[in-house]
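A short write-up of the structure that comes next.
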Number of protein chains: 2
Amino acid sequence: MKAEIAEILRRNQLSITECRTKILELFQQAAGALSHADIEKKTHNHFDRVTIYRSLQTFVEKGIIHTIPTSDNSVRYALCKDECSEGHHHDNHVHFICDVCGITYCLDNTLTPEVILPQGFEQNRADLILSGTCNKCSQ
Amino acid sequence: MKAEIAEILRRNQLSITECRTKILELFQQAAGALSHADIEKKTHNHFDRVTIYRSLQTFVEKGIIHTIPTSDNSVRYALCKDECSEGHHHDNHVHFICDVCGITYCLDNTLTPEVILPQGFEQNRADLILSGTCNKCSQ
DNA sequence: GTAACTGCAAAATATTTGCATCCTT
DNA sequence: AAGGATGCAAATATTTTGCAGTTAC
C-alpha cells in the first residue's frame with residue numbers, strides 16, 4: 001500500500017511527504033469520496049488546514065484525484081482510475097450520493113450513458129450524479 | 001411576464017416583493033443558470049446579500065428553482081419546470097456548462113438516461129452534467 | 001393589525017495568499 | 001545545497017444567524 005502510494009507520487013514528480021502519503025492512504029481506504037473536512041477529521045488535525053487544501057489541489061492538477069459535482073455546496077474528491085493523466089480525466093463513471101449517510105460512492109462499473117447534444121455543442125466531460133438511499137441505509 | 005411571476009409567488013403562498021419578483025425575472029431572462037453572485041451583480045447591489053440568499057433558499061424549498069451540481073465549488077440555480085412541486089423535483093434533465101463562457105444551459109429536451117444500479121441502491125434524483133464548448137463559443 | 005419579509009450587524013465557515021522555516025531529493 | 005513542501009498568520013470570500021424595522025395582505 002505505502003509502496004504503491006510512493007510510486008504514485010514519484011510518477012507525478014511529487015515529493016513523498018507524510019501529509020500527501022496519509023491523504024492518499026485515506027482515499028484508498030475510503031468507501032467513497034472525501035471532502036476537505038473529512039480528511040481534516042480523519043487526520044485529527046495533525047496537518048495544517050492549508051496543507052490539506054494544497055495537497056488536494058496538487059492531486060487534482062496531476063490527475064490523481066478528481067472532484068465530484070454535488071448539488072449542495074460541498075466539494076468532494078475521489079481517486080481517479082489509472083487512465084487519468086495530467087489535465088485530462090477519464091472519470092466518466094457514475095457517482096451515487098446517499099441522502100441518509102452522506103457517503104459518495106463511485107459506481108466504477110456503471111458508465112455514463114452517451115447523450116446526443118444540440119448542434120454546435122462539443123462535450124468534453126460528463127458527470128452523472130445520482131442520489132437516493134444506498135444499500136446499507138435502505139435496509 | 002410580471003403577471004406570470006406574481007402568479008408563481010401567489011401559488012406558493014409567498015408575498016410578492018420587489019426582490020423576489022426581480023430575481024424571478026432574471027431567471028426568466030437568463031440563457032442559463034444563475035449563481036448568487038450573478039444575481040447580486042445583475043441587481044447592482046440594490047438588494048441585500050442576505051435577502052438574495054434567503055430568496056433563493058425559499059425558491060428551492062418551494063420547488064420554483066433547483067440547484068445544479070457543478071464540479072467547481074459554485075452553486076447555481078435554474079428555474080424548475082412546472083411539474084416541480086414542493087419537496088419533489090422532476091428536474092431530470094441535462095445541464096451543459098460551457099468551459100469558455102461559463103454559461104450553464106438547461107437542455108430541456110434531453111432527458112437523463114436511466115441507469116441500472118447495484119442491488120439495494122434506490123435512486124431518488126439524477127443529474128447529468130456535461131461540460132465542454134457551447135454552440136456560441138465553438139465557432 | 002399581523003405575519004411575513006427585508007436590511008444591517010456580526011458570527012461562523014470556507015478558501016486563498018505571503019512568507020519564513022523545514023524536509024525531500 | 002536547492003527546490004519543493006509545510007505551518008502559521010492573516011486576508012478574502014462565502015454563508016448563516018439574530019434582531020429591529022418595514023412592507024404586503
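Lettering of chains follows the sequences in order, A, B, ..., and the numbering in each one begins at 1. The structure displayed is predicted, hence computed values, not measured ones.
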### Task
Kindly write out the residues that satisfy side chain to side chain contact (heavy atoms under 4.5 Å, CB included) with B:Gln139, not counting sequence neighbours, or none if the list is empty.
none
## Note on the structure
Rounded to whole Å, CZ of A:Phe59 lies from C1' of D:dA5 at a distance of 12 Å
### Query
Measuring from A:Leu130:CG to B:Asp127:CG, what's the distance to the nearest 0.5 Å?
8.5 Å
### Message
Using side-chain heavy atoms (C-beta onward) and a distance below 4.5 Å, is B:Phe96 in contact with A:Phe121?
### Response
yes
### Task
State, with a plain yes or no, whether a side-chain heavy atom of A:Lys22 is found less than 4.5 Å away from one of A:His46.
no
### Message
So B:Glu4 and B:Glu7, do their side chains get closer than 4.5 Å, heavy atoms only?
### Response
no
### Query
Atom CD1 of A:Ile52 and atom C1' of D:dA5: how far apart are they, to the nearest Å?
14 Å
### Task
Find the distance A:Ile39:CD1 to D:dT6:P and express it as a whole number of Å.
13 Å
### Summary
Rounded to whole Å, the NZ-P distance (B:Lys22 to C:dG7) equals 15 Å
### Summary
the helix from C:dG1-D:dC25 to C:dT25-D:dA1: angle between terminal helix axes, five bp per end, to the nearest 10 degrees, reads 40°
### Query
Could you state the CD-P distance from A:Glu61 to D:dG4, rounded to the nearest angstrom?
14 Å
### Query
Is there a side-chain contact between A:Val115 and B:Leu107 (heavy atoms, below 4.5 Å)?
no
### Message
When you measure from the side-chain N and O atoms of B:Gln57 to the phosphate of D:dT16, is any distance below 4.0 Å, counting only OP1 and OP2?
### Response
yes
### Task
Please list residues of residues 40-48 of chain B whose heavy atoms come under 4.0 Å from any atom in DNA chain D, ordered by number; otherwise none.
none
### Task
Find out whether B:His36 and B:Val75 are in side-chain contact, i.e. whether some heavy atom of one side chain is under 4.5 Å from a heavy atom of the other.
no
### Query
Any side-chain heavy atom of A:Leu34 sitting closer than 4.5 Å to one from A:Ile65?
no
### Message
Restricting to non-hydrogen atoms, name the atom on B:Ala33 and the atom on B:Ile68 that form the minimum distance, rounded to 0.1 Å.
### Response
CB-CD1, 3.5 Å
### Message
Enumerate the ring pair (Phe, Tyr, Trp, His ring centres under 6.0 Å) contacts for residues 7-26 of chain B, please, sequence neighbours excluded, ordered by first and then second residue.
### Response
none
### Task
Treat primed atoms plus P, OP1 and OP2 as sugar-phosphate and everything else as base, then score nucleotides 18-25 of chain D 5' to 3': B for base contact with protein heavy atoms under 4.0 Å, S for sugar-phosphate contact only, - for none.
B-----SS
### Query
Can you tell me how far C1' of C:dC8 sits from OH of B:Tyr53, to the nearest Å?
16 Å
#### Entry: Set of residues satisfying side-chain hydrogen bond (donor to acceptor under 3.5 Å, both in side chains) with respect to B:Thr104, sequence neighbours excluded
B:Arg76
### Query
NZ of B:Lys62 versus C1' of C:dA4: gap in Å, rounded?
12 Å
### Task
State whether A:Arg49 places a side-chain N or O below 4.0 Å from either non-bridging phosphate oxygen (OP1 or OP2) of D:dG7.
no
### Query
Atom CG of A:Asn12 and atom C1' of C:dT24: how far apart are they, to the nearest Å?
17 Å
